[in-house]
Amino acid sequence: MKSLYISELKKQIGEKLTLKGWVYNTRSSGKISFLMLRDGTGIVQCVLFHPNHTQERINRFEELTQETSVEVTGLVKEDKRSPLGVEIEIDDFNILSKSVDYPISPKEHGVDFLQSNRHLWLRSKRQMAIMKIRSDAIFYAREFFNNLDFLCIDAPIFTPSACEGTTTLFEVDYFDDKKVYLSQSGQLYMEAAALAYGKVYCFGPAFRAEKSKTRRHLTEFWQIEPEVAFFDIDQDMQLAEDMVFYVLQKLLERRQEEFKILERDTKPLENIKKPFYRLSYTDAISLLQKKKIEIKWGDDFGAPDEAAISEEFDRPVFVHRYPSEIKAFYMKHDKNDDKLALGFDMIAGEGYGETIGGGQREESIDVLLKRLEEHKLPQDAFKWYLDLRRYGSVPHAGFGMGIERFVQWVTKTQHIREVIPFARTMDRTEP
RNA sequence: UCCUCGGUAGCUCAGUCGGUAGAGCGAGUGGCUGUUAACCACCAGGUCGGGGGUUCGAGUCCCUCCCGGGGAGCCA
């Protein structure tokens, strides 16, 4: 007997085959029983019409509790009532392993309970849809860079120092009383790689010991970080725009069904066109002041400010050229105004704030040495980084996109914890 | 770290003025020939987060600790 996945059933009408999976739910109505079978690729309804079966099999059907693993043999039939278009007329089934008192019912649950049962919560329809979109977002972001001949260069996770002095790092005991830190960004290493190979990117986890307890923060998240030699800030923003647009189009093409499960209205995403808006920091401040929001030049944006900016536009906005004082030491300053740094953030639409942060890096060793001093950073920790400016330095730029921030926006999910398989937050590291 | 909200049945919650603990869902049992988070009937299920205090009497008031949610700062 052929064994197949539920996602392939539409091409199998009239075939007799075996499906392996788990019980999503059962229903019965007198002489007819229904089994919703889940196998990770989809959910299909299997029908047991009692008059066609032995009493033993009908009794055995009663043992199909939620999440029992089971093997079902039957005929694939077209059925217009089914959302899938097909259903299975059961011949026989075989219980592989029973599931007793499965804690997650198909009804409502609180965030705490679901997070504690994340290992099981992942089996639900909604989580399945989110994970498929996440998987595709990663795949297509990588594909975008591969298509442009970028090299994927992996950055280390153990790092000797901070890439931004301000953020908090997780400290790890290394050998012989040595301390290392979990990487909060691959950027510095991508700069080295860009000067070696021109166009590079990395995709990996980032760790930040920020004591943030919000629906937008994780202590462990994944980001994709390209870096390009001879790029300036404007080319960098263009690259970010092209990447976001590319991934969006692919997701809209491939994941309509998942968006439907998530009840995500895709109109706002479909309406997004190139070019995205560009807004200088200075103009953004005026815009906020015009909206009677209390903010002055030199302040950094908070989450409500970002939301206020994004609601003025029907597509993502790049805010660029921030005051250098609120940006990292490695950012190149604007040659037209030294108070400005050539950095940008991309603010996604619909109230979802900063999704991308990037900019042009300082390539002069003299300027960089001065900056390290100003930021009170230890020079010896950045010795190798300074070498990049010693041996054939060139202008270069890059950015980092938090994949969870992106997926959260695209799926319009309330909590960022739902868009990563196993979330790590300030006070939760289980399961 | 600070602000704020919460912890009552397996889950989601209600519980008035301090007076002896409730619902829906889920589980279980029975019924129903097409159900889509099915429906109908019946039924079991409680250390009211922990500790202390006030009171004749505390889920309810006070103190304290623990746990969780949301937000600020910071960030992707």
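Reminder, nothing fancy here: chain letters follow the sequence lines and each chain counts from 1.
Ring to ring, A:F49 and A:F34 are not that close: their centroids are 6.0 angstrom or more apart.
For the P atoms, the distance from B:A37 to B:G26 is 12 Å, rounded to whole Å. Remark: the separation of the C1' atoms in B:G49 and B:C67 is 7 Å, to the nearest Å. To the nearest whole angstrom, the two C1' atoms, one in B:G10 and one in B:A27, are 8 Å apart. Here the separation of B:A41 from B:G24, taken at their P atoms, is 10 Å to the nearest Å. Across B:G70 and B:C25, the matching C1' atoms stand 26 Å from one another, rounded to whole Å. Of the C1' atoms belonging to B:U29 and B:C66, the separation is 40 Å, rounded to the nearest Å. Using P as the reference atom, B:U20 and B:U16 are 11 Å apart when rounded to the nearest Å. Using atom P as the reference point in both B:C40 and B:G45, the two lie 24 Å apart (nearest Å).
The shortest non-hydrogen separation linking A:Y189 to A:A155 is CB-CB, 4.1 Å. Considering every non-hydrogen atom in both A:Q184 and A:R208, the closest pair reads O-NH2, 2.7 Å. Contact between A:G358 and A:D236 at its shortest, heavy atoms only, is C-OD2, 4.3 Å.
Within the 4.5 Å cutoff, no side-chain heavy atoms of A:L75 are placed close to those of A:E15. Annotation: side chain of A:S124 is not in contact with side chain of A:I104 (no heavy-atom distance under 4.5 Å). Side-chain contact between A:I88 and A:L37: absent, with no pair of heavy atoms (C-beta onward) separated by less than 4.5 Å.
Residues of residues 111-141 of chain A that place a heavy atom closer than 4.0 Å to RNA chain B, in numerical order, are A:D112, A:F113.
Among the protein residues, A:N25 comes within range of the sugar-phosphate backbone only, with heavy atoms under 4.0 Å from sugar or phosphate atoms but none that close to a base. As judged by a 4.0 angstrom heavy-atom cut-off over every strand, A:P304 is placed among residues touching the sugar-phosphate backbone only. Among the atoms of the strands shown, none is found under 4.0 Å from any heavy atom of A:I104. Among the protein residues, A:A206 comes within range of no part of the nucleic acid, since none of its heavy atoms lies under 4.0 Å from any strand. Residue-level contact check: A:H50 touches neither bases nor backbone, having no heavy atom under 4.0 Å from any strand.
Looking at A:H109, its side chain has no donor and acceptor atom pair within 3.5 Å of the base of B:C11. Put simply, the side chain of A:R428 and the base of B:C67 share no donor and acceptor less than 3.5 Å apart. Remark: the A:S212 side chain and the B:G73 base include a donor-acceptor N/O pair separated by less than 3.5 Å.
In this structure, the CD atom of A:Q414 is 8 Å from the P atom of B:G71, given to the nearest Å. As rounded to whole Å, 13 Å separates atom P of B:C75 from atom CG of A:L169. The separation between A:M243 atom CE and B:A76 atom P is 14 Å, rounded to whole Å. Look at CD1 on A:I347: it is 13 Å from C1' on B:C75, rounded to the nearest Å. We find that CG of A:L48 is positioned 17 Å from P of B:U35, with the value rounded to whole Å. Look at CD1 on A:I416: it is 8 Å from C1' on B:A76, rounded to the nearest Å. Counting to the nearest Å, the P atom of B:G73 and the CG atom of A:D300 are 9 Å from each other. If you measure from atom CD1 of A:I88 to atom C1' of B:U35, you get 17 Å, rounded to the nearest angstrom.
Listed candidates were B:C75, B:G69, B:A76. Nearest to the side chain of A:H415 is B:G69.
Looking at residues two or more places apart in sequence or on another chain, you find no ring-ring contact (aromatic ring centres under 6.0 Å, His included) involving A:F170. Under the ring-ring contact (aromatic ring centres under 6.0 Å, His included) criterion, A:H109 pairs with A:F113, not counting sequence neighbours.
Using a 4.0 Å cut-off, no side-chain N or O of A:K213 falls inside it from OP1 or OP2 of B:G71. In this structure, A:R215 reaches the B:G71 phosphate: one of its side-chain N or O atoms is under 4.0 Å from OP1 or OP2. Listed pair A:R417 / B:G69 meets the phosphate criterion, a side-chain N or O lying under 4.0 Å from OP1 or OP2.
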Return a table of donor-acceptor pairs under 3.5 angstrom between the side chains of residues 317-328 of chain A and protein atoms on other chains or two or more places apart.
from   : atom 1 : to     : atom 2 : distance (Å)
A:R321 : NE     : A:D334 : OD2    : 3.3
A:Y322 : OH     : A:D345 : OD2    : 3.1
A:S324 : OG     : A:K339 : O      : 3.0

Between protein and nucleotides 27-34 of chain B, what N or O pairs are separated by less than 3.5 Å?
from  : atom 1 : to    : atom 2 : distance (Å)
B:C32 : N3     : A:G30 : N      : 3.2
B:C32 : N4     : A:S28 : OG     : 3.3
B:G34 : OP1    : A:S29 : OG     : 3.2
B:G34 : N1     : A:R81 : NH2    : 3.3
B:G34 : N1     : A:E87 : OE2    : 2.9
B:G34 : N2     : A:Q45 : NE2    : 3.3
B:G34 : N2     : A:E87 : OE1    : 2.7
B:G34 : N2     : A:E87 : OE2    : 3.3

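Taking NZ of A:K290 as the start and CG of A:D283 as the end, the distance is 8.5 Å to the nearest 0.5 Å.
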Pairing annotation in dot-bracket form, given for RNA chain B with Watson-Crick or G-U pairs under 3.5 Å and | for cross-strand partners: (((((((..((((.....[..))))..((((.......))))......(((((..]....))))))))))))....
Begin with the C-alpha distance, continue with both residues' side-chain angles, and end with the deciding distance and a verdict on salt bridge (charged side-chain N to carboxylate O under 4.0 Å, His left out) for A:E354 and A:R405. CA-CA 8 Å; A:E354 186 178 344; A:R405 287 266 175 99; 5.4 Å; no
Could you please spell out the steps behind the ring pair (Phe, Tyr, Trp, His ring centres under 6.0 Å) verdict for A:F145 and A:F203? CA-CA 11 Å; A:F145 289 117; A:F203 176 67; over 10 Å; no
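Taking the ring centre of A:F93 as origin, the terminal cationic atom of A:R60 falls inside the region bounded by 6.0 Å and 45° from the ring axis.
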